[in-house]
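These notes are about the structure you will find just below.
Side chains are part of it too, since the values below use all heavy atoms of this structure and drop only hydrogens, waters and symmetry mates. Protein chains get the first letters and strands the later ones, always in sequence-line order, with residue 1 at the start of each.
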Amino acid sequence: MMAEKNIVNTIHDTLWEEMKADDRVLILGEDVGARGGVFRVTAGFMDEFGEQRVIDTPLAESSIVGVAIGMALHGLLPVAEIQFADFIHPAFDQLVSEAARLRYRSNGDFGVPMVVRAPWGGGVHGALYHSQSIEGFYGHVPGLKVVIPSTPHDAKGLLRAAIRDPDPVLFLEHKKTYRLIKGEVPDDAYEVPIGPADVKREGQDLTCVAYGLMLHYCLEAAAKLQEEDGVSVEVVDVRTIAPLDRQTILESVRKTGKAMVVYEDNRTYGAGAEIVATIAEEAMFDLDGPLVRVGGPDIPAMPFSGPLEHFYMPDAEEIHRAMKELAAF
Amino acid sequence: MMAEKNIVNTIHDTLWEEMKADDRVLILGEDVGARGGVFRVTAGFMDEFGEQRVIDTPLAESSIVGVAIGMALHGLLPVAEIQFADFIHPAFDQLVSEAARLRYRSNGDFGVPMVVRAPWGGGVHGALYHSQSIEGFYGHVPGLKVVIPSTPHDAKGLLRAAIRDPDPVLFLEHKKTYRLIKGEVPDDAYEVPIGPADVKREGQDLTCVAYGLMLHYCLEAAAKLQEEDGVSVEVVDVRTIAPLDRQTILESVRKTGKAMVVYEDNRTYGAGAEIVATIAEEAMFDLDGPLVRVGGPDIPAMPFSGPLEHFYMPDAEEIHRAMKELAAF
Amino acid sequence: MSQRVKEAADRHSPLGLTEDDLRRMYRTMVTARLCDEAQFRLNRQGRAPFVVPVSGHEGCQVATAWPLTRGKDIFVPYYRDMAVCLVAGMTPKDVFLGVFGKADDPSSGGRQMPAHWGSRRLGIISGSSPIATQVPHASGIAYAMKYRGEDAVVASWFGDGATSEGDWHEALNFAGIHKLPVVFVCENNLYAISVPLSKQAGISELALRAEGYGFSGQTVDGNDAFACYEAMKAAVDRARDGGGPTLIECMTYRFHPHTSDDDDRTYRTREEVEEAKRKDALVIFGGYLKDVGLIDDDGIESLRAELKAEVDAAVDEAWNAADPDPESALRHVFAEES
Amino acid sequence: MSQRVKEAADRHSPLGLTEDDLRRMYRTMVTARLCDEAQFRLNRQGRAPFVVPVSGHEGCQVATAWPLTRGKDIFVPYYRDMAVCLVAGMTPKDVFLGVFGKADDPSSGGRQMPAHWGSRRLGIISGSSPIATQVPHASGIAYAMKYRGEDAVVASWFGDGATSEGDWHEALNFAGIHKLPVVFVCENNLYAISVPLSKQAGISELALRAEGYGFSGQTVDGNDAFACYEAMKAAVDRARDGGGPTLIECMTYRFHPHTSDDDDRTYRTREEVEEAKRKDALVIFGGYLKDVGLIDDDGIESLRAELKAEVDAAVDEAWNAADPDPESALRHVFAEES
Ligand SMILES: Cc1ncc(C[n+]2csc(CCOP(=O)(O)OP(=O)(O)O)c2C)c(N)n1
Ligand SMILES: Cc1ncc(C[n+]2csc(CCOP(=O)(O)OP(=O)(O)O)c2C)c(N)n1
Ligand SMILES: [Mg+2]
Ligand SMILES: [Mg+2]
């Protein structure tokens, strides 16, 4: 059995099923209760599962994560929601110093089976503080897993895997894909393993690595390039930012001989840098073209006004141009 | 006039001179007063400048930075000390969302002339929470400048430049270099500009890019390789992590045709990734050898026990081995 | 007898408020209300993608901003504070330049969402979206004022939700230790978006926390502009005289959803909202002006009409103003060589 | 008359403390003191690079840890809490395995600095260096206990400096809202390294802050083990009975520098330190045991000798234990397949 769903509904339904299946699972965050979350991801949850399991927290992200860590240390499986990824910064210390280090520092004695969900990304008129990418910060934190589903299918499978994972998982949901991206979601209880990247489109001439909203722009650009110029682009969905699946990326690059990486975060020191560096170190001699990065400009964040936001966001045209150029090299 | 000094004394003296020269400059942090700082960087300051200018703050990093921002917004030039870089994480939000964005979000109307000093780095038996590298996080924050002096000469010049800079500067001092590294420090009032990287050793055969303690290990390894094998290595001191001086690095790589990057931070998604990616994108066709990264392992942080800490830290031998291998390629 | 009544009725003179003050305070409250009505109209018309309402808060905002001295004291508001910023010197046109994200938006040149106020010229510190981050800035500014020996005061405004953030605690603690010239104003509207006060704190009067920082706190009726003014005036004078900080909590209510993106029917009954609207500070303050003979119903009507014309004109001017140049997105990451 | 004196003298029975309790409490305090003396000796000998002293805190630590039930309740200590951890079940050997960073160190296998306690088996939550981060964990654990309907309680210990961190505020606020079974214990030794209480807070009794979170706070003499025990016992019972959190502040003093890396002469007069040592909780508690005839001076001497022999043996065993295998540094980043 399958159903066509968008990503918000998929996450809503998956969380609902997980709550039904295991009462160790509970949800905490700002406005997750009566309001059902500002994106309606937990709509109806409080009525169904009660205030004890669907906790409207005080406006304090550090304690949302810190309290969730405590719950995870005492037998529960908390799923914390940070209302916007931009507001996770006050919890940086609890995530980096505590969640990510508890197992390591206790030599394996303690673990923190916690999921922290955060809607991220731009192109939604959210301005400087409702548009940010944060995977560059958290991907660099050993002990923390960072996943970014880009399709409804992966959203369900990765969320189930994240809730079952014995370690802390930062689960990033791109806001613009929430309702924009629809797809088939199997009814059965499957998991998409945390770790493996996924080839979302097979190709021979060029490898394009991306995740989040940009993955869809890359698929759009790849289709256009196939159509118009007969160039076949392989599009790899990173899917798990950390730990990074180097093998899948390198296999694709070795096959096509050309690689580009696309991400919407500020370009410099962003996640794409590690991917490019990995390819350069491991597969440079398999390349017959330059390594190309398409990323957001190095400005503090995405401005509000339409023209400024549009200036910030990489789009399918820009990606198509870069692909075409690289293919022609 | 010159004097031979170590880095701690240089920073002490430079801060002292700045305080003498401009009463808008003040210092705030934990134990900076009577205690003179846990590394004695502000020893004697409270007696000389008074409690109003040398502020022992409450144990609260977010407010150390947040209050310093307020001071900077109202005509002062605060120099905040975070006792150990590992403890800057609670201030992540004030640094990223506030200090780094105030000028941008106000369209240039406001600025935050603030310096945040933080002793960082490992190899000092500091264990998980007194050994961390943080430049990978903050280098990725447009609006924030991140500098890392590795010699007494640069420490003075960069600190003077940082205090005079109209924007927020994160000033990272490697703990192990504090007393280990001595050098000539001119008495005159010079600045080392924020931005330019510095070729610390000229060479023809290979470029080695590093900063902090690793820079010195690289210089040591380079000398050994010159001596034993007549290989001439050019060692580039990044010195300013952000904004990154790509030009100096690329010029060196184009000259030598071989490049390696060394850093003690966790390897994956660390600052070295951006440097390698930059070289790969801009200079791949000038390379006649693989791009090599030497970095710390991807474990949460440096353990306490001697054998474990030693396992973590890259050292001159390991770097020498990598250099020799690359040179021989 | 009528004499006694008049005296009993006179609440402003004892507070040092002139009739001119009353007129200008009322004008500002009404202007804020009209800007709010206009921005929601624009939002429904699809001309303003996102707006942040002030309605319900105008009384306590104008009354707590009034005791500050423009050009000397500093305002550290949050997004809800349109009326605070009007007192500080912003105009309806400034408000709508922000709403439309235009190049001349004084707060951010269209970079930030509407209602993210800021202006160096007016002494309004640029605010962000993250809640409570501005409160430590106020403490730092107050420290600088004291350090520089200025006879100035800084005030910071925030909501009830903001009091839960670590930054809020750290800011008040720092201010208390150094007895800084700062006034913290909590606009307690009983909700942080949908989260009710009972889930925000284990107490019902947040002003209670001031004692834990070594200064005094006071809870006042936010619909009673005079009560708000009296508390704020005393706090500002005390701060200016070296008496240290004060926490003032104004019990108020937000008439509209949290923002144009919110649907408050999921968490507030209509009865509760209607009940609150019956205590509208604007109506109460207008009523007082009538009682003391400063205005009558016709006067209120014509004033509304006059101000509405102003607001409508501001909307048109702002609407026709230029958008930012796309390339300008690259500017002001760092200071520019001048 | 002597009857009345005896009653006056008997402080333990009314608290439900048996003579066996008193003996074991005293043993634990003395053991902690002896471990402290040993670790500083080792530090001077260059055998222990870094040690964290407990001396001065033993009384309030043992007394506040005592009311918890091992195997059921949870301990969330900070680095100063050697005596808390001895009550929880750690042994001197465990302490020195940590001091020497050995493979069998139960807290971290030599990965963390000494005094970074932790043991799932003993119900001691692994602690880090960052101050106050453990306090929200305690609130989360307490929430889980309540959610699971356990008849358990969690206690979190921290210093005076910790109360300034945002995390501390957020943790207490959360606990107060949900009336959680948690006790917050502040070991107020008047300094955070060198920063005196007057620069840490605008108040002198931190327990005052509890009211701002909707529960009660109490300041007790940390040198009076019975006062500490009485307050803690009441708080633990209240928490277990659904009465919610309590903040207990024990006024104590650190006899040694902050750590072996510190030099406290820069910020504390020797007179102040000597004065504090004259109020040593250990001596006072021993004195009480003598008053009630449970021990005499010879007994105290022989007990010290007996325990010192134990500690010295523990030092030797720990010293001779194996170091961690270097390669093992790569383990436990994530859960390992079992
Ligand atoms: C750090 C942070 N977390 C979450 C948000 C999302 N958010 C915006 S406003 C708001 C509620 C604020 O409530 P309150 O402080 O009471 O002010 P009010 O809107 O009621 O005036 C929330 C949760 C945010 N902006 N910043
Ligand atoms: C977040 C953080 N900031 C700074 C430090 C450095 N530091 C370690 S202990 C300490 C003082 C703690 O004082 P207090 O909480 O009173 O506990 P005490 O040591 O007095 O028992 C400081 C500043 C730290 N460990 N963590
Ligand atoms: Mg509110
Ligand atoms: Mg202390």
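- There is no contact between Val261(B) and chain A, counting heavy-atom distances below 4.5 Å.
- Heavy atoms of Pro303(B) lying under 4.5 Å from chain A belong exclusively to its side chain.
- Ring-centre distance between Phe329(B) and Phe285(A): below the 6.0 Å cut-off.
- In terms of heavy-atom proximity, Pro90(A) sits nearest to Asp93(B) at CG-OD2, 3.7 Å.
- Heavy atoms closer than 4.5 Å to chain A are found in the side chain of Tyr129(B), but not in its backbone.
- Tyr104(B) is listed as a side-chain neighbour of Ile299(A), based on a closest heavy-atom distance under 4.5 Å.
- Listed options Gly270(A), Gly136(A), Pro243(A), Ala91(A) were ranked by heavy-atom pairs under 4.5 angstrom with chain B; first place goes to Gly270(A).
- Surrounding CD of Gln247(B) are at most 12 heavy atoms belonging to other residues, nucleotides or ligands under 6.0 Å away.
- Of all heavy-atom pairs spanning Pro142(A) and Asp298(B), the tightest one is CB-O, 3.5 Å.
- Taking the side chain as every heavy atom from C-beta outward, Met284(A) and Leu287(B) approach each other to under 4.5 Å.
- Using a 4.5 Å heavy-atom cutoff, the side chains of Arg246(B) and Thr268(A) are in contact.
- The two residues Arg101(A) and Leu128(B) make their nearest non-hydrogen contact at NE-O, 4.1 Å.
- The closest side-chain heavy-atom distance from Asp265(B) to His140(A) is below 4.5 Å.
- For Val292(B), the part lying near chain A is the backbone, with the side chain staying farther off; criterion is any non-hydrogen pair under 4.5 Å.
- Counting heavy-atom pairs under 4.5 Å between each of Ser97(B), Gly143(B), Ala280(B) and chain A puts Ser97(B) at the top.
- Interface remark: Ala127(A) contributes no atoms to any contact with chain B (heavy atom separation under 4.5 Å).
- Among Ile275(A), Ile241(A), Leu244(A), the residue making the largest number of heavy-atom pairs under 4.5 Å with chain B is Ile241(A).
- Contact annotation: the side chain of Val276(B) never approaches that of Glu274(A) to less than 4.5 Å [non-hydrogen atoms, C-beta and beyond].
- Both the backbone and the side chain of Arg267(B) come within contact range of chain A, judged by heavy atoms closer than 4.5 Å.
- In this structure, the portion of Ala100(A) lying under 4.5 Å from any heavy atom of chain B is its backbone and not its side chain.
- The backbone N or O of Ala273(B) sits nowhere less than 3.5 Å from a side-chain atom of Tyr269(A) that would complete a donor-acceptor pair.
- A distance-only check finds a donor-acceptor pair linking the side chain of Glu281(B) to the backbone of Arg293(A) [under 3.5 Å].
- Looking at Leu144(B), neither its backbone nor its side chain comes within 4.5 Å of chain A, counting heavy atoms on both sides.
- The contact between Val141(A) and chain B is made entirely by side chain atoms (from C-beta outward), counting heavy-atom distances below 4.5 Å.
- How far CG of Leu291(B) is from OG1 of Thr278(A): 11.5 Å, rounded to the nearest 0.5 Å.
- The most heavy-atom pairs under 4.5 Å with chain A, out of Gln132(B), Gln94(B), Glu282(B), Arg103(B), come from Gln132(B).
- The number of heavy atoms from other shown groups lying within 6.0 Å of CD (Glu325(A)) does not exceed 12.
- Looking at Ser62(B), neither its backbone nor its side chain comes within 4.5 Å of chain A, counting heavy atoms on both sides.
- Of the listed residues (Gly139(A), Pro300(A), Ala277(A), Pro297(A)), the greatest number of heavy-atom pairs within a distance under 4.5 Å of chain B belongs to Pro300(A).
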